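For the numbers below, each heavy atom of this structure counts, side chains included, while hydrogens, waters and symmetry mates do not. The first residue of the sequence shown is numbered 1, and numbering continues consecutively from there. Quick caveat: nothing in here was measured; it's all calculated off a predicted structure.
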Amino acid sequence: MDASMTMWVITVATLLILIAADFFIGGRKPHEVSMKEAGTWSIVWLALAVLFGTGLAVLGHGQASGEFFAGYITEKSLSVDNLFVFVLIMAKFSVPTIYQQRVLMIGVLLALALRAVFIALGAAAINQFAWVFYLFGAFLIYTAWKFIQEARTDEDDDDWEEGRLLKAVQRRVPSTSEWHGTRMFVRENGKKLATPMLIVMVAIGLTDLLFAVDSIPAIFGLTQDPYIVFTANAFALMGLRQLYFLIVGLLKKLVHLSYGLSAILGFIGVKLVLHGVHETTSLHVPEISTPVSLAVIGGVLAITTVTSVMASRKAGTKNPSTADQREPAGNTDTQG
């Protein structure tokens, strides 16, 4: 669909209103987020996404509606992977529970702004150079292979790239290790220092930006419409904060998530390459339709969830005392 400037302005303005409502209703006052609150807001953002996609279909943009839902599910599934790193960041910086919501809110907004730049650059590149499909496709297939390799190895938490980057930032940026509420800067002995709140917010934003290197090419494999790419990313990201609190415990049980994500990325990578062949050559190659993409993505996520639950139950049956044995060590960790 060819979204007009008026449609863009209305969409962005509506999203800003929704974000403001989310902040003033649930995120203005630092507090520990309950499962009920997280679940309620998760349902609200999911309902808004469904309403938006359905609205596109009602207005006569059936193909755009299908592409939005396919893109939304893809971005949402890939965003779940972000949560693993978010949990790690919160633990590394011992973020107090009452401040985690504020950290995620600002971090996600920063990520959305950075993704908008990525989307604009991606759309411009695709419009000018059809061979970009090959580049994006190859990158996604490589990423899919990398996910599988990482899933087969036990990597130390200290090896993650964002952690090394943050340590470098802390060495070079004047900062304090003490928390000062939600303040991002404090002045001590006449010197302005960054607080852990600012550093963690930037960490969340940078982490999501690195993940966007995978997810933005992925959604361009489903649609080349910048409006659909942006709105799918916006709705997927805006519910991410609540999803963090809702499934932070469940994430540990999704032991096959990396395999599922690798399958989705590999599938979309192949789709991109086929589309590139179709656009740049006279060869007759099959093109994967949006309904097929949606069915494959949904099917992979369903299978991943079922097999992960089965594997977790099997492991629990074989080692019924594992949780009890690890409980004392877990009590020494800081909450976050």
Trace of the side-chain contact (heavy atoms from CB on, under 4.5 Å) decision for Ile288 with Val296 = CA-CA 11 Å; Ile288 302 173; Val296 170; over 6 Å; no
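- Side-chain atoms of Ile73 and Leu301, non-hydrogen and from C-beta on, do get closer than 4.5 Å to each other.
- A continuous path of hydrophobic side-chain contacts links Trp8 to Phe52 [ILVMFWY only; heavy atoms under 4.5 Å].
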Stepwise side-chain contact (heavy atoms from CB on, under 4.5 Å) test for Tyr134 and Val277 = CA-CA 8 Å; Tyr134 294 112; Val277 173; 3.7 Å; yes
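- There is no path of hydrophobic side-chain contacts, each under 4.5 Å, that joins Ile17 to Leu109.
- Phe69 and Thr54 get closest at one heavy-atom pair: CZ-N, 3.8 Å.
- In plain terms, the two heavy atoms of Ser65 and Gly53 that are nearest each other are OG-O, 2.7 Å.
- The cluster map of Ile, Leu, Val, Met, Phe, Trp and Tyr, joined by side-chain heavy atoms under 4.5 Å apart, puts Leu283 and Val273 in the same cluster.
- Across Glu75 and Ala236, no two heavy atoms sit closer than the pair CB-CB, 3.7 Å.
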Could you please spell out the steps behind the side-chain contact (heavy atoms from CB on, under 4.5 Å) verdict for Thr11 and Tyr227?
-> CA-CA 9 Å; Thr11 300; Tyr227 180 78; 2.7 Å; yes
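- Residues Glu67 and Leu222 form no side-chain contact, since every pair of their non-hydrogen atoms from C-beta on lies 4.5 Å or further apart.
- Shortest non-hydrogen contact noted between Asn233 and Val229 is ND2-O, 2.9 Å.
- Residues Ile228 and Val292 are members of one and the same hydrophobic cluster, defined by side-chain heavy-atom contacts under 4.5 angstrom among Ile, Leu, Val, Met, Phe, Trp and Tyr.
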Tyr259 and Thr307: side chain to side chain donor-acceptor pair (under 3.5 Å), yes or no, with the steps?
-> CA-CA 11 Å; Tyr259 293 104; Thr307 58; over 6 Å; no
side-chain contact (heavy atoms from CB on, under 4.5 Å) between Trp41 and Val44, intermediate numbers included | CA-CA 5 Å; Trp41 275 104; Val44 168; 4.3 Å; yes
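- Counting non-hydrogen atoms of neighbouring residues, nucleotides and ligands closer than 6.0 angstrom, the CE atom of Met310 reaches no more than 12 such neighbours.
- In terms of heavy atoms, Trp45 sits closest to Tyr72 at O-OH, 4.5 Å.
- Partners of Thr14 under the side-chain hydrogen bond (donor to acceptor under 3.5 Å, both in side chains) rule, at least two apart in sequence or in another chain, do not exist in this structure.
- Phe267 and Ile303 sit in two unconnected hydrophobic clusters of ILVMFWY residues. Membership requires side-chain heavy atoms under 4.5 Å apart, directly or through other members.
- The aromatic rings of Phe68 and Phe235 sit perpendicular to each other, their planes meeting at more than 60°, with 30° as the lower class boundary.
- Put simply, CD1 on Ile10 and CE on Met5 are 12.0 Å apart, with the number rounded to the nearest 0.5 Å.
- Between Leu46 and Lys76 the shortest side-chain heavy-atom distance does not fall below 4.5 Å.
- The distance from the CZ atom of Phe185 to the OG1 atom of Thr195 is 8.0 Å, given to the nearest 0.5 Å.
- Nearest heavy atom pair, residue Leu274 against residue Val285, reads O-CG2, 3.6 Å.
- Of the inter-residue distances, the one linking Leu198 atom CG with Leu193 atom CG reads 11.5 Å to the nearest 0.5 angstrom.
- Considering CE of Met105 and CD of Gln100, their distance stands at 13.5 Å, rounded to 0.5 Å.
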